[in-house]
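Heads up: the structure comes next, in C-alpha cells.
Treat the numbers as computed from the prediction; the structure is a model and nothing was measured. In what follows, every chain begins at residue 1, and chains take the letters A, B, ... in the order their sequences are listed.
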Amino acid sequence: MQSKVHNEDIARIFEKMSRVLSLKGKNRFRILAYENAARSIRELDEDLAEIAAQQKLEEIAGIGKDLAEKIQEALRTGNIRACEREGGKIPDSLLMLFEIRGLGPKTISLLHKKFHVDSLDDLEHALASDALGHARGFGAKKIAALRESLEAWTASHQRMLLGLALPRAEELVARIRKLPLIERAELAGSLRRGRETIGDVDLLVVSGDSPTALEEISRLPEVSRVLAVGPTRATLLLDSIQVDVRAVASESFGAAMQYFTGSKKHNTHIRAIARQHGLKVNEYGVFRGTKRLGGAAEADVYRLVGMPLIPPELREDRGEIEAALKGKLPELVQLSDIRGELHAHSTYSDGHSSMLEMVECAAAMGYEYIALTDHSPSQRIAHGLDRVRLRKKIKEMEKLRKERANSRLHLLLGAEVDILPDGRLDYPDDVLAWLDVVIAAVHANFNQSRKQMTDRILRAIDCPYVNVIAHPTARLIGKREPVEFDFDRIVSAAKQAGVALEIDGSPWRLDLNDTLARSAAEAGGLLSIAADAHSTAQLAYLRFGVLQARRAWIAPASVVNTWSWETLHKWLTARRPQRLGRSMKAAG
DNA sequence: GCCGTTTTCGGCCCGACTGTTTTCAGTCG
C-alpha cells in the first residue's frame, strides 16, 4: 500500500497546476478551475480517499469528470502525470514568486525570461542591482514596492499569533474611532472569530467621507507602511501585520461585518440557506430580487435566513448553523463569567512580578481567588521551588493573607508540578499536602510513545492532590507539535477523578485547542481557563483562553474558575486525603 | 476545466487599485 495521500497534497498539485498554466498564458478559466478545485479541497472535512470510495468526488463543488479522475490517480499513485508533464520544467522555486505581493504570472514570466529570475533569492539580487531599471513595466515605484513586498513576506509569511495581533489591532481600532470622520470601526475576519493564528486583520469603517477617512487612517502613527489606498479600501501594515480597511455604507454595515467575519465555509452555507428562501446575501445586504430587506445590523442577515445571531467564534461551519436553526445554540462562557485565576507565576519561580503585585492586580481585576502556582524543582531554568524555598513562599503568603484579611480575594498556595516521565509528580505527597491547588504538567520528555505518554498523564490524574492538568498537549504554536496520547482515555479518567483539563490562554500555547476542548466538554469533562501569567500584565492572557473556549462551544458551568469561591473550594478539597492542607485552613 | 430553472454550449471573476501608460496592463481580494 502506497503511503497515504492527504487532501492537502492534492490541493497543492492543483494549485501548482493553476500557477503553471497562468505562467504559460493558458485559458484563464481553466486556470481558475484548478484554483477553485484546490480551495474546494482545502475546505473539505472528509478525506478525499473516503469520498472517492463512495464515488462522490464529482459532488464536490468545482470537481468535474476530469479532475475527479486526476484525484483518483493521485490517490492511487501519489501524483498526476498530466500535471507533472505540464509543470515538468518549471522549478518550484520559480512558483514561490507567486507568494510575493505585486508579482503575478506576467511579471514572473518576464522576470524569468529576461532576467533569469528563478527564485526568491534571484529576485532579491535582481532588485538590489539596477538591472531591472530600464525594462518596460519596471519603474522606480514598482521596484521599491517589490522590495517592500519581499521584505514583508520574509517577515510575516507565517501566520501571526492571535494573542499578539489582537491587542495591536484593538489599539489601532481605538485610535481610528477617535478620528472625527469615523462613525464606526470594527474588527472582522479571523481575529473576530478568535482563531489561534491569523493571516491578516480585516477592519470595517463607516464614514460620511470615506476617501478622506481612509487617507487619515493611512497617516496614523501606528501604521508602519501603506500598501494601497483608494476611496473604499486601504491596505496597511501594522508592524508586519497586514491590515485591510474597508469603508462601507452604514446601511450595509451588518451585512459587511457578516461577510468579512467569515469563515468562508460558514458564509457559503448561510448563502445556500438564503437561496432556499429565495434570498441573496452578499456584503451589501440581504435581497429578494432587487428589493433590499436588511443589512444594517449583522442580526438582520441571520434573522432573514431564519436563525438567531451566531456568535463569531462559532462561525466555522462545524454544526453551528444546524444548531441555530433548531434554536439550540450553546450558551458560551464569557470573560465576565470568570471569577479567578488558577495558573499564575511569581518571582518565586520564573515570573516577573512579585506575589504582592500579582495579588493586587488580581484584586483590581475583581477576582474572587488567585492561585500562585510556581514551578516544582525539576524546572531548574524556571527556578522551581525546593522544600526550603516553598516554605519561605508559604510564610510570605500567610503574611499577605493577614495583611489583606478584609479583601474578598482568596489567596491560594499552588504549584505547577512537573509530571515526571514515569507519571510520578515532582513533589512527594507530604509536600503536595501543603498546597491548596496542584496543577500538573508535562514540561520535558515530549517524545515518548503514545502509550507511555497516556500512562504518564493517567498516573498524574490518579494522584489525589492533582486538581488540573495544565496545557495538556504541551504544544507551542508553530514551534512544538502537541505530544501524543489517547485523548479520550485522558478525558474520561479526568472526568471520573474530577480533574479539570486546562485551556491555557498564553498566546504561544492555547492548549487545549478548540477542537480538543470541545470534545472534552462534550464528554462531560471539567475545564479550567487560565492565563499562565508570568507577570501582572499577562493575567490578561486569560481572555485568549476564553475566546478559545467559546470556539469550543463551552458553557460557563463546565469551567471551574467561573464557580463561586465556595463551590471551587469544595471541588479543590473533594479528592484530598482527609488531612487538609494547613494553608487552606488559613484561607478558611 | 466546471457547470446547468441560461442544461451539452457558451458562459464563468469583476471592481478596485497601482504604476506606467498617454488610454491601459497587471495584480489583488
Within the structure shown, what part of the strands sits under 4.0 Å from [X] by heavy-atom distance: base, sugar-phosphate, or nothing?
X: A/A61; result: sugar-phosphate
X: A/I100; result: sugar-phosphate
X: A/T232; result: sugar-phosphate

Separation between the [atom1] atoms of [N] and [M], rounded to whole Å:
N: B/dT27; M: B/dT8; atom1: C1'; result: 34 Å
N: B/dT20; M: B/dG26; atom1: C1'; result: 11 Å
N: B/dT22; M: B/dC17; atom1: P; result: 24 Å
N: B/dC28; M: B/dT23; atom1: P; result: 25 Å
N: B/dC3; M: B/dC13; atom1: P; result: 12 Å

To the nearest 0.5 Å, atom CG of A/L150 lies from atom CD of A/E99 at 12.0 Å
Would you call A/K24 and A/E86 a salt bridge, taking side-chain N to carboxylate O under 4.0 Å as the test? yes
For A/R315, is there an ion pair with A/E320 - N to carboxylate O distance below 4.0 angstrom? no
Mind listing the N/O atom pairs, protein and nucleotides 8-11 of chain B, below 3.5 Å?
none

Would you indicate, yes or no, if [N] has its OP1 or OP2 atom less than 4.0 angstrom from a side-chain nitrogen or oxygen of [X]?
X: A/Q242; N: B/dC28; answer: no
X: A/R101; N: B/dG29; answer: yes
X: A/K70; N: B/dG1; answer: yes
X: A/T107; N: B/dT27; answer: yes

Residue pairs passing the side-chain hydrogen bond (donor to acceptor under 3.5 Å, both in side chains) test where at least one lies in residues 273-286 of chain A, sequence neighbours excluded: none
So which nucleotide does B/dT8 pair with, by the Watson-Crick or G-U wobble rule with both distances under 3.5 Å? none
